[in-house]
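Below is one structure, written out as structure tokens; comments come after it.
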Amino acid sequence: MRPCDLTAADIAFFSRKIIEPEEYGALSPMELECEGALSAAKAAAGAYTGLDMEKTELEDLAYAVKVMAAEMIDNRQITAQYTGKNPMVMQILDLHSTNLLPSEG
């Protein structure tokens, strides 16, 4: 699965808000933060790597986006207790980062 193929239902399933993707329509409006989390996670991954999440074919980035979106849902409040970054997500993003390299010219 590519990042552009991810849906809010995928995020709801991944973050255990639903058991079956067909249940997504039954989520209350208060639980529909999955769409916003998916959008924000794609934007964060794109900004970090310099890649267009709607065009990339890299399947491991889709997993990193799902993890970031699920963490956004699980950790809605900013706290001083958790200041680290998910090492698996950072490793995937670092593997594909193109905008941190020096440019020629």
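Values below: every heavy atom of this structure, side chains too, minus hydrogens, waters and symmetry copies. Source: prediction; values computed, not measured.
Residues H96 and T56 are not in side-chain contact: their nearest non-hydrogen atoms beyond the backbone lie 4.5 Å or more apart. Residues V65 and V89 form no side-chain contact, since every pair of their non-hydrogen atoms from C-beta on lies 4.5 Å or further apart.
For the salt bridge (Lys or Arg N to Asp or Glu O under 4.0 Å) test, residues two or more places apart in sequence or in another chain that qualify with K42 are E54. For E57, the salt bridge (Lys or Arg N to Asp or Glu O under 4.0 Å) criterion is met by R2, not counting sequence neighbours. Annotation: side-chain contact (heavy atoms from CB on, under 4.5 Å) contacts of E23 (sequence neighbours excluded): I18, I19, E20. Judged as a side-chain contact (heavy atoms from CB on, under 4.5 Å), and not counting sequence neighbours, the contacts of A44 are M68. Listed by chain and residue number, nothing satisfies the side chain to side chain donor-acceptor pair (under 3.5 Å) test with D52 (two or more places apart in sequence, or in another chain). Residues satisfying the side-chain contact (heavy atoms from CB on, under 4.5 Å) criterion with M88, sequence neighbours excluded, are Y63, V67, N86, I92.
How far CZ of F14 is from CG of L38: 12.0 Å, rounded to the nearest 0.5 Å. Rounding to the nearest 0.5 angstrom, the gap separating the CG atom in D94 from the OG1 atom in T49 is 10.5 Å. The CD1 atom of I11 lies 11.0 Å from the CD atom of E35; values are rounded to the nearest 0.5 Å. Interatomic distance, K66 NZ to S15 OG, rounded to the nearest 0.5 Å: 11.0 Å.
Of all the heavy atoms in C34 and A8, the pair that sits closest is CB-O, 3.6 Å. Of all heavy-atom pairs spanning M72 and A37, the tightest one is SD-O, 3.7 Å. The nearest pair of heavy atoms linking Y24 to A9 is CD1-CA, 3.7 Å.
No continuous path of ILVMFWY side-chain contacts below 4.5 Å connects L95 to M1, so the two sit in separate hydrophobic clusters.
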